Amino acid sequence: AKVFVRNASGDLLGDQATADANGDFFSTLTPAKANGETLYVFQVDAAGNRSLPATDVAPDLTPPDAPSNVRINAAGTVVTGTGEKGAEAVVMNEAGQEVGRATVQANGNFSVSLNPVQKDGEELTVIIVDKANLESPEVFITAPDLTKPDSAENSKVVADGTQVTGDANPKEVGATV
């Protein structure tokens, strides 16, 4: 029998194969199918009779694109953006710990609730993970800084009254005192 591989549109994929004496066949797909496409395999006998299709799914070897339009809300509670529909949007903190995950909707949008709230100017990493567990390139966003700094300590007015010195919170380097 002759063997043909077609896509969902009916296009021939690769070369026609001929089954050997054991019924085995080999067909090279051109180009290779590596995005989880459904393939339909038909046999046609010498009399021209065509079989019902056997279906197979090509492996998904292509990672998703990086998320886009990534934003964090002003309260540090939700990250939104767009990505590959049906995949998962994952948000991680600076330590690489997951702080939120949500499914990308059919329209390509995602909304990830963060736990704990990210409100101290943390750098967050956002990726898309598809159903084949392939990861997109990373996108970085900065959480809002809603945390008040500690009070300055050991403040003193110098003897001539022209300056005040003291110790500020080291996490607030560059802050105005």
Side-chain angles (χ1 to χ4, degrees), residues 7-9 11 13-14 29-39 55-177:
N7 62 16
S9 300
D11 301 322
L13 305 175
L29 300 177
T30 309
K33 300 300 168 195
N35 290 314
E37 302 96 335
T38 300
L39 307 177
T55 58
D56 201 0
V57 177
D60 183 355
L61 303 175
T62 306
D65 291 334
S68 58
N69 303 314
V70 179
R71 308 263 188 280
I72 186 167
N73 69 349
T77 58
V78 177
V79 170
T80 59
T82 58
E84 180 181 304
K85 65 182 178 179
E88 297 283 313
V90 181
V91 181
M92 293 166 286
N93 64 17
E94 292 173 325
Q97 299 164 324
E98 186 175 310
V99 294
R101 175 184 291 254
T103 301
V104 180
Q105 301 303 306
N107 64 4
N109 294 328
F110 63 82
S111 180
V112 179
S113 295
L114 302 177
N115 185 17
V117 171
Q118 303 295 301
K119 59 182 172 69
D120 199 19
E122 302 91 344
E123 182 175 270
L124 303 175
T125 304
V126 184
I127 61 171
I128 302 295
V129 180
D130 69 11
K131 292 179 181 186
N133 212 31
L134 300 170
E135 296 181 0
S136 73
E138 300 171 327
V139 170
F140 301 98
I141 59 170
T142 302
D145 187 352
L146 304 175
T147 305
K148 294 178 184 177
D150 294 336
S151 298
E153 298 178 355
N154 303 319
S155 61
K156 295 184 225 172
V157 177
V158 296
D160 67 3
T162 62
Q163 293 181 343
V164 175
T165 64
D167 299 321
N169 181 339
K171 287 177 62 178
E172 300 294 338
V173 172
T176 303
V177 180

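Since we're looking at a predicted model, the values are computed, not measured.
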Separation between [atom1] of [X] and [atom2] of [Y], rounded to the nearest 0.5 Å:
{"X": "N73", "Y": "T80", "atom1": "CG", "atom2": "OG1", "result": "8.0 Å"}
{"X": "E37", "Y": "D60", "atom1": "CD", "atom2": "CG", "result": "8.5 Å"}
{"X": "L124", "Y": "Q118", "atom1": "CG", "atom2": "CD", "result": "5.0 Å"}
{"X": "K33", "Y": "L13", "atom1": "NZ", "atom2": "CG", "result": "5.0 Å"}
{"X": "D65", "Y": "D130", "atom1": "CG", "atom2": "CG", "result": "10.5 Å"}
{"X": "T38", "Y": "N7", "atom1": "OG1", "atom2": "CG", "result": "10.0 Å"}

Quiz item: What are the two closest non-hydrogen atoms of T103 and F110, and how far apart are they?
Solution: O-CB, 4.3 Å
Exercise. Hey, could you give me each pair passing salt bridge (Lys or Arg N to Asp or Glu O under 4.0 Å) that has a residue in residues 67-81? Not counting sequence neighbours.
Key: none
Quiz item: Does any pair with a residue in residues 90-115 pass salt bridge (Lys or Arg N to Asp or Glu O under 4.0 Å), and if so which ones, sequence neighbours excluded?
Solution: E98-R101
Within a strict 4.5 Å, meaning less than it, do heavy atoms of the [X] and [Y] side chains meet?
{"X": "T77", "Y": "L114", "result": "no"}
{"X": "V126", "Y": "V79", "result": "yes"}
{"X": "I127", "Y": "P67", "result": "no"}
{"X": "D145", "Y": "D120", "result": "yes"}

Quiz item: Are the side chain of N93 and the backbone N or O of A95 linked by a donor-acceptor pair below 3.5 Å?
Solution: yes
Quiz item: Taking it one step at a time, do E123 and T142 satisfy side-chain hydrogen bond (donor to acceptor under 3.5 Å, both in side chains)?
Solution: CA-CA 4 Å; E123 182 175 270; T142 302; 5.2 Å; no
Quiz item: Under 3.5 Å, is there a donor-acceptor pair linking the side chains of Q105 and N109?
Solution: no
Could you give the side-chain donor-acceptor pairs of residues 132-141 under 3.5 Å, partners two or more places apart or in another chain?
{"unit_1": "S136", "atom_1": "OG", "unit_2": "I128", "atom_2": "N", "d": "2.9"}

